[in-house]
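Here is the naming used below: chain letters follow the sequence lines, and residue numbers restart at 1 for every chain. Side-chain atoms are counted along with the backbone in the values below, which use heavy atoms only and exclude waters and symmetry mates.
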There are 2 protein chains.
Amino acid sequence: MALEHAILVSLDERSGSGYELARRFEKSIGFFWAATHQQIYRTLKRMVELGWVTGHEVAQDGRPDKKVYEVADAGRAELARWLASPGEPETIRHDLSVKVRGASLGDPAALVDEVARHRDLHAERLDVYLAVEKKDFPDPSALSGRRLHQHLVLRGGIRAERALVEWCDEVLVALREDDRR
Amino acid sequence: MALEHAILVSLDERSGSGYELARRFEKSIGFFWAATHQQIYRTLKRMVELGWVTGHEVAQDGRPDKKVYEVADAGRAELARWLASPGEPETIRHDLSVKVRGASLGDPAALVDEVARHRDLHAERLDVYLAVEKKDFPDPSALSGRRLHQHLVLRGGIRAERALVEWCDEVLVALREDDRR
DNA sequence: GCCACCTATGCAACTTGTTGCACTGCACGC
DNA sequence: GCGTGCAGTGCAACAAGTTGCATAGGTGGC
């Protein structure tokens, strides 16, 4: 599984606590890898046992103590190994497609609403990604290294969301057209 | 979870055994919902207990007996309920993006190979989908009902794979360009 | 005659991911 | 002074997905 690797990548960019990692997964990392704080805490614990990261407690005043984690050499080695190892393309699980395929067994109007709702959600996400791109990567052609890689991943999110919005639109036109007949 | 619903949709299109369902999930249904035979057998068992499907054994000569399942009224009701209920957009888990984002921690050439490999896999899938479209849906504008829904889902697969191929190409150009500097 | 592969179902063990809850303490609005 | 929300960590139970194996007869190649 790649959650460990996603955490390694994130910790390598900047060390942090489980809580901070969870926040990053809600925003930037979460654009391409979802994880809850529960998963992150459990995985960090295992990674310490494996020697991939080291953790030390940091006292804070006014706030609870936190444990800050850093990538260890063994973690960097594991990441390098994994980066070079071939992986399977993702297994797809797309609820909305199941719903569209089963459309004739339910209420057509309700399905149209559901597709329209997803269309708007994806359009919103697309806007967020485009705003991030404009703000953080104003001159893409000048990028290199880490910043380039971050931008490329964002580009993937943009392409994926755009494709989804367009697909939803295609579905909506077709379903409404079919309804009228 | 939607595996049950994907099975209901598939069984509604045509009754079949667990084994047959597993085959369908390898091809058409698997285009948007992956499942192994283990999951399918287990889920079918649960669905019988819930009264969503009925199963009866069918003796075959030369081959092992099979259990053929059919959708029951309660199953159709559940499917209708689920179709009208709002769902979350998919949680994304994209290995390759994690790899790209962590690129600076591994061998650049190995990552380029990995991205190129995925590019070819997605291009292959795209070709398969396009071939299916040409063969099974030669006149898309004339479609309605169930056939229309099947075609729309296929369109989603085509859009998704095309977006992935194009993203891989963008990544390859950028990584190679960056390497040269 | 043996090996490999297909049809067909399923158990058991394991890994992952989800959900609900528990505990602490500060800040802020009303 | 009370509820809400944020920061922070974590257990426990459950649901879902994966992997390895077992069983059993039939087909087809060498």
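- For the pair A:Leu3 CG and C:dT18 C1', the computed distance is 13 Å after rounding to whole Å.
- Put simply, NZ on A:Lys66 is 14 Å from P on D:dG10, counting in whole angstrom units.
- Between B:Lys67 and B:Thr91, it is B:Lys67 whose nearest contact on DNA chain C lies nearer the 5' terminus.
- Counted by atom type alone, B:Ser141 and B:Asp139 present one or more donor-acceptor pairs between their side chains at under 3.5 Å.
- Look at CD on A:Glu90: it is 12 Å from P on D:dT18, rounded to the nearest Å.
- Scanning atom types as modelled, one donor and one acceptor separated by under 3.5 angstrom connect the side chain of A:His37 and the base of D:dG10.
- With sequence neighbours left out, the ring pair (Phe, Tyr, Trp, His ring centres under 6.0 Å) criterion links A:His118 to no other residue.
- Taking side-chain N and O atoms only, B:Arg93 has a distance below 4.0 Å to OP1 or OP2 of C:dG17.
- For B:Arg81 and B:Glu78, the salt-bridge test passes: some basic side-chain N is under 4.0 Å from an acidic carboxylate O.
- Across the protein-nucleic acid pair, A:Leu50 atom CG and C:dT15 atom P stand 12 Å apart, rounded to whole Å.
- Judged by distance alone, with hydrogens and angles left aside, B:Gln38 brings a side-chain donor or acceptor within reach of the base of C:dG10, the pair sitting under 3.5 Å.
- Against DNA chain D, the stretch residues 11-36 of chain A makes heavy-atom approaches under 4.0 Å through A:Ser17, A:Gly18, A:Tyr19, A:Arg23.
- For B:Lys45, a side-chain nitrogen or oxygen approaches OP1 or OP2 of C:dC11 to under 4.0 Å.
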Practice prompt. Output, in order, the C-alpha distance, side-chain angles, deciding distance and verdict of side chain to side chain donor-acceptor pair (under 3.5 Å) for A:Arg147 and A:Gln150.
Written response: CA-CA 5 Å; A:Arg147 297 284 296 153; A:Gln150 287 174 3; 3.2 Å; yes
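- Rounded to a whole Å, the CD atom of A:Gln39 is 13 Å from the C1' atom of D:dG17.
- The minimum heavy-atom distance linking A:Cys168 with A:Leu96 is given by the pair SG-CD2, 4.2 Å.
- Under the 4.5 Å side-chain heavy-atom criterion for grouping Ile, Leu, Val, Met, Phe, Trp and Tyr, B:Trp167 is connected to A:Leu143 within one hydrophobic cluster.
- Side chain A:Arg42 to base C:dT18: a donor-acceptor pair is found below 3.5 Å.
- In this structure, the NE2 atom of B:His56 is 12 Å from the P atom of C:dT9, given to the nearest Å.
- Distance, A:Ile40 CD1 to D:dA7 C1': 15 Å, rounded to whole Å.
- The nearest whole Å value for the distance from the CG atom in B:Leu44 to the P atom in C:dA8 is 14 Å.
- Nearest heavy-atom pair across A:Pro86 and B:Lys99 is C-NZ, 4.2 Å.
- A close approach under 4.0 Å does not occur between any side-chain nitrogen or oxygen of B:Tyr41 and OP1 or OP2 of C:dG10.
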